[in-house]
Every structure is written in structure tokens, then in C-alpha cells.
Amino acid sequence: MKTAFVRRLQELSQKDDDLLVLTADLGFKLFDNFRAGTTDRFYNVGVAEANMIGIAAGLSLCGKNVYCYSIIPFLVMRAFEQIRVDIAYHNLNIKLVGVGGGFTYGLEGFTHFGLEDLSLMSSLPNMTVVIPADPLEAKAIAEISLEYDGPMYIRLGHTGGPVIHDKAPDLKIGRAMILREGRGVAILATGDMVYTGMQVVDMLSEKGINTTMVNIHTLKPLDTEIILQIASTHKAIFSIEEHNIRGGLGSAISEVLAESGYSGVFKRFGIREGVARSLVGKSDFLKEHHGLTPQKIYEKISDLITGV
Amino acid sequence: MEIEDDFLQYEEISRRVRISVLNMIHKTGSPHIGPCFSIVEILVALYFKSLNASPESTVDPDRDRFILSKGHACPALYAVLSERGFMSREDLKGFAVNGGTLEQHPAQDLSRGIEVSTGSLGHGLSIAAGTALAGRVDSKQYKVYVLLSDGELNEGSVWEAVMFAGHHKLNNLIALVDYNRMQALGGTGDIMGLEPLGEKWRAFGWHVREIDGHDFRQIFDALSSLSTEKPNVLILHTVKGKGVSFMENQVLWHYRSPDDEEYEEALKELLQ
């Protein structure tokens with residue numbers, strides 16, 4: 001996903017003289033072509049994320065279209081206060097590209113997990129939060145982000161992740177994407193979990209349960225219209241995200257549902273408990289532990305909709 | 001506005017600025033009069049002579065930039081901007097009041113000469129370095145000045161930026177350190193020793209000058225003999241609360257706002 005994003009950005013950089021990319025010494029090999037093609041557009045600022053955000057702000061104040069790249073916790077958590085003041089408050093044209101959503105960096109451990117980023121970033125003024133679900137969406141967001149004038153957080157997930165689309169998707173910021181129209185039951189997912197959601201939808205339809213599948217690629221601004229529409233036509237709604245259930249997709253949807261007076265079944269799938277220190281494993285192993293596999297989600301949903 | 005090198009004139013402007021700051025702070029019960037008074041001369045020197053910026057062209061891409069990284073001392077900046085015509089006297093009346101015009105930390109407003117919102121220490125130098133880098137990328141001739149407090153140098157992000165600017169030899173960047181040797185709760189030497197301060201910057205690849213930050217002759221001399229090879233830092237030896245005898249070198253006046261009696265006493269001294 002990150003390769004698709006950076007490759008597209010590099011192609012587009014020929015068209016935008018003001019494009020600059022900063023990295024805090026991460027992205028091994030990822031930026032090689034970029035560096036070769038555009039030597040004065042790429043700066044490795046060293047392992048110094050707070051400074052990277054300030055540098056980006058200074059560049060942006062002078063009209064540059066700046067992208068900052070790092071692994072999620074270092075980018076959005078280490079430098080959060082710089083992002084809050086220098087980027088969000090000033091409403092600057094800076095794109096923050098965070099890699100490693102959820103458990104992407106499984107064996108690297110807790111320091112590298114991206115479990116709170118959506119909560120942090122969507123709480124900031126002026127910040128747009130987007131999460132592509134596959135490489136074609138990442139490519140589309142690279143294109144959109146280049147034209148977009150303002151702060152944007154782009155959360156990238158697993159390398160070589162699943163493929164949702166077979167052609168360029170019609171992706172519009174702030175407008176959720178209905179991937180499957182069903183009746184009664186709806187799954188709303190984001191990022192890598194969209195593919196997981198699609199697998200659950202397939203499993204449910206084998207049992208005769210026609211399920212609606214929605215890809216929420218933009219967490220902020222949230223497409224409340226679609227959510228309200230789904231609420232008015234579905235008796236059970238489920239959210240899936242590879243993120244802490246507090247402050248992410250599930251929280252955002254539940255806020256809309258609660259205020260709408262929704263009386264159907266609603267359940268959030270995400271990281272519910274703390275991350276155990278003793279739990280060592282790759283991403284799939286960790287997701288299994290946290291109940292984020294298609295099978296486990298399917299079983300839980302089946303229980304919850306029985307008799308509804 | 002061009003003013004001849006008549007130091008008396010700069011001193012007279014400085015006196016007016018201090019009175020303006022005293023009025024703003026007394027009227028609103030605001031903090032930070034001490035750290036305002038230590039930076040008056042450098043601000044006057046910049047805005048009335050060295051800085052290529054004017055109220056008529058606040059968004060000119062070629063203008064010099066000034067960033068007040070020690071944002072808590074913004075009453076001094078507001079007073080200087082008002083003296084120089086970037087903002088009005090009315091604007092100053094809106095300082096730190098409900099529904100007013102100016103906060104106790106500056107919010108970006110290019111039309112009134114405020115380049116960047118500051119108030120959280122440790123941000124300004126990075127932003128200034130990015131602005132300087134943009135100038136290099138675009139082959140612009142502007143300079144970027146950023147004023148830091150000494151206590152601010154406790155922030156790790158400052159040293160990330162110092163290292164970055166040194167590495168990239170950002171010779172259009174001028175850091176100004178208000179070295180009044182006092183921070184919020186006490187002396188810098190007691191809280192987090194900075195010495196040898198000049199050596200630290202030098203070791204990071206900067207051209208260093210240490211001067212009396214209240215002496216216009218030394219300030220102008222330093223500002224007119226900057227290195228063209230490296231980023232420059234002027235370590236300004238200053239006095240916290242400068243200009244009012246009972247405020248000078250007293251950590252109390254980092255936060256304390258003068259009561260009516262103290263106000264009258266301070267005004268009397270500044271009018272002498």
C-alpha cells in the first residue's frame with residue numbers, strides 16, 4: 001500500500017513544483033526512485049520527528065505542498081503537539097503519511113503499533129483523516145491529496161495488503177463507499193479491515209444473510225448521511241477497525257447512531273482490551289487474539305443477530 | 001521607514017514600548033512583564049532597522065520573517081508592531097480582554113505582522129528553519145529571524161532544529177537567544193545549566209556572537225556582520241525586567257503583574 005502511494009506521488013511530483021517530501025529517517029528503499037528523480041524535493045531530516053513537523057510548517061508557510069512520512073507512533077504521537085499547533089491550528093497544507101496502522105508491525109512490538117492515531121488525529125481542528133483500504137485506494141488518495149489544500153492524515157496499513165478494487169475506485173473525501181448492498185445487516189469498516197469485512201459479508205451471505213458493506217475511507221469528515229441512511233434501513237450495524245475501539249471508527253459511528261436514536265443492534269469490533277506484553281506475534285496472530293479475523297467476527301455477528 | 005543611526009531615537013522608541021507593555025499588562029493583570037522587558041531592544045532594532053518588512057507588504061514572499069518563539073513575551077511584540085504601524089493603538093486596547101483582539105500568546109495574523117502562532121516553547125526554531133529552507137529552495141534572498149528564550153533551550157526539539165540548521169548550513173537563519181538567565185521558576189543555572197552556551201551552538205555548526213542585548217551599538221554591529229556560510233546565533237545577554245529597577249533580575253516578575261502602586265512607580269521610572 002505504501003509503495004503504491006509513494007510511487008504515485010513520485011509520478012505526480014513532476015506536475016507540482018511545490019511538492020516536498022520529508023522523512024524522519026524511515027522508508028528504507030521506499031523513496032529511492034523519488035530521491036533519484038527529484039533530489040531537491042526530498043529531505044531526510046534525521047530521527048527527529050518534532051523538528052520535522054516544524055520544518056514542514058515553515059515550508060508550508062512559504063507555499064510548499066509538504067508530505068511528512070514516518071511510522072505512525074513516531075509521526076503522530078511523538079510530534080503530536082507540533083502537529084496540533086504548527087499544522088492543525090495554522091491550517092497548513094501538509095500531508096502526514098503514517099505507516100503501520102494497527103498491528104502491521106506485529107513482531108516489532110508495541111512501540112510500533114498504530115492503535116491510537118485515529119483518535120488523536122480526528123480530534124484536531126482542520127485535520128482530514130483518510131485510510132485507504134487497498135493499493136488502488138492509496139494511489140487515488142495520493143492523487144487527491146496533492147490537490148487538497150489543508151492538513152491531512154493518511155493512514156497506511158499492511159504492505160502487500162489485500163486488494164478490494166479491480167479498477168481505480170471513485171474515491172471522494174468524506175463520502176463513504178458502498179461496496180455491497182444488502183438488507184437488515186450492515187458492516188462498516190476502514191483500512192485493511194474493509195477486506196476482512198468483505199470476507200464476513202461472504203460468510204453471512206452463504207447463510208442467506210444479505211449484508212451491506214460500507215468502506216469508510218474518510219474518518220473525518222465522517223459521512224454521517226450514509227450512516228443515518230444505513231441506520232434507517234438496517235436492524236443491525238457493525239464497525240470493524242484495526243485500532244483501539246475508543247476514539248476511532250466505532251466511536252465515531254456510535255456517536256452518530258446514539259444521537260439519531262437508533263434502536264437496532266450495534267457492535268464495535270476493534271482492539272478492546274489492553275495489549276498484553278507477553279503476546280508476541282505477527283499481525284495475523286495478534287488480530288486473531290483480538291478477535292479481528294473474519295471467522296471470529298462472523299461468529300460474533302451471527303450470535304448478535306439471532307432473533308433480530 | 002528609514003531611521004538614521006541615532007541611538008537616542010531607538011532608545012526613545014524602546015522607552016515608549018516599555019510603557020506600552022506596562023500599560024497592557026497592568027490593565028489586564030497579565031503575566032510576563034519581565035521577559036517582555038528583556039527583549040525590547042532587539043525587537044526595536046529589528047523592526048526599525050534590520051528587518052526587511054513593512055506594514056504595507058505583510059504578505060510579500062520576499063519579506064524577512066520574524067518569529068517570536070518565546071510567545072509569552074508577545075506584549076512587547078505587539079507594542080513594537082503598533083509603534084511600527086503593523087497594528088493600531090486600538091488593537092493594543094484589545095489585548096487580553098473578553099472579545100478582544102490579541103491573546104497572551106500570539107496567534108498568526110499576517111495582516112498585523114504576526115507570522116506564526118507561538119506560545120508552546122520549542123516550536124519556533126524548527127518553523128524558522130523550514131522557512132529558511134524554503135527560501136533556499138526558491139532562491140529567495142530573505143532572512144528568517146527567530147527569538148528564543150533561554151529557558152526554552154531546555155526543550156529537546158530546539159536542539160533537533162539546531163542540528164538540522166547546522167547540517168544544512170542555513171545561512172539565512174538568525175537565531176536570537178534572550179539570555180536573561182532566568183526562567184519561570186528560577187535561575188537557568190540552577191534549573192538546567194546552559195553553559196557553555198556559545199560552545200554548544202558552535203559545536204552544532206553555527207556562527208556565534210555574544211553581545212549585550214540592550215546595547216544598540218552591539219546589536220547593530222552583530223546584525224550587520226553575520227556569517228554568510230553558516231546559520232547565525234546571537235546570544236543576547238539581557239536583564240529580565242530591564243528598565244524598572246525593582247523588576248530587574250527578579251524571577252517574581254516572570255509572572256507577577258504590577259498592582260496600582262507598583263504601576264505608578266514603574267511608570268515614573270520609565271518616564272525619567
Side-chain angles (χ1 to χ4, degrees), chain A residues 13 16-25 38-68 70 74-75 77-96 124-126 150-151, chain B residues 58-67 69 71 103 105-110 114-140 142 144-146 148 152 155-168 170 172-173 204:
Chain A
S13 69
D16 185 346
D17 291 341
D18 286 324
L19 177 75
L20 281 171
V21 174
L22 309 181
T23 175
D25 205 29
T38 53
T39 46
D40 58 343
R41 310 279 202 88
F42 178 88
Y43 289 90
N44 181 353
V45 302
V47 193
E49 294 79 9
N51 185 48
M52 173 166 71
I53 299 303
I55 295 288
L59 290 164
S60 176
L61 285 165
C62 298
K64 299 297 172 196
N65 191 359
V66 190
Y67 285 73
C68 294
S70 193
F74 317 140
L75 178 72
M77 295 166 205
R78 170 68 68 92
F80 182 70
E81 201 241 0
Q82 274 78 9
I83 293 172
R84 174 177 180 266
V85 178
D86 303 350
I87 298 181
Y89 183 47
H90 285 81
N91 197 16
L92 294 181
N93 185 20
I94 294 172
K95 317 297 161 19
L96 301 168
L124 291 175
N126 302 316
Chain B
T58 55
V59 292
D60 183 347
D62 294 320
R63 71 192 183 281
D64 286 346
R65 271 76 163 175
F66 172 76
I67 297 170
S69 193
E103 292 169 288
H105 293 94
Q108 186 198 36
D109 183 350
L110 294 185
I114 302 171
E115 294 281 353
V116 175
S117 302
T118 52
S120 172
L121 297 174
H123 289 227
L125 187 60
S126 295
I127 297 173
T131 306
L133 182 63
R136 172 180 292 177
V137 170
D138 291 338
S139 305
K140 299 273 186 198
Y142 64 73
V144 187
Y145 298 82
V146 53
L148 300 96
E152 180 174 9
E155 293 280 5
S157 60
V158 170
W159 298 98
E160 293 181 5
V162 172
M163 207 182 312
F164 178 87
H167 176 80
H168 289 279
L170 295 177
N172 52 351
L173 175 64
F204 281 72

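Not measured: the values here are computed from a predicted model. Values below: all heavy atoms of this structure, side chains included; hydrogens, waters and symmetry mates excluded.
Neither the backbone nor the side chain of B/Val144 has a heavy atom closer than 4.5 Å to any heavy atom of chain A. Of the atoms belonging to B/His167, not a single heavy atom falls under 4.5 Å from chain A. Both the backbone and the side chain of B/Ala161 come within contact range of chain A, judged by heavy atoms closer than 4.5 Å.
Of all heavy-atom pairs between B/Ala134 and A/Leu59, the closest is N-CD2, 3.6 Å. Counting all heavy atoms, side chain and backbone alike, A/Ile55 lies closest to B/Ala129 at CD1-CB, 3.5 Å.
Distance CG/B/Leu133 to CG/A/Leu22: 8.0 Å, rounded to 0.5 Å. The line from CD of A/Glu49 to CD of B/Glu160 is 7.0 Å long, rounded to the nearest 0.5 Å.
In this structure, a donor-acceptor pair under 3.5 Å is present between the side chains of B/Ser120 and A/Glu81.
Looking at A/His90, its side chain does come within 3.5 Å of a backbone N or O of B/Ser117 through a donor-acceptor pair.
No side-chain heavy atom of B/Arg65 sits under 4.5 Å from any side-chain heavy atom of A/Leu61. When side chains are defined from C-beta on, A/Asn51 does not count as touching B/Met163, because their heavy atoms never get closer than 4.5 Å. Using a 4.5 Å heavy-atom cutoff, the side chains of A/Gln82 and B/Ser126 are not in contact.
With sequence neighbours excluded, the residues satisfying side-chain hydrogen bond (donor to acceptor under 3.5 Å, both in side chains) with B/Arg63 are B/Glu115.
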> Can you check side-chain contact (heavy atoms from CB on, under 4.5 Å) on B/Asp138 and A/Lys64, steps first, answer last?
Replying inline: CA-CA 10 Å; B/Asp138 291 338; A/Lys64 299 297 172 196; 2.6 Å; yes
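Heavy atoms of other residues, nucleotides or ligands lying less than 6.0 angstrom from CZ of A/Arg84 number 12 at most.
Most heavy-atom pairs under 4.5 Å with chain B, from the set A/Val85, A/Leu20, A/Ile53, A/Asp18: that is A/Val85.
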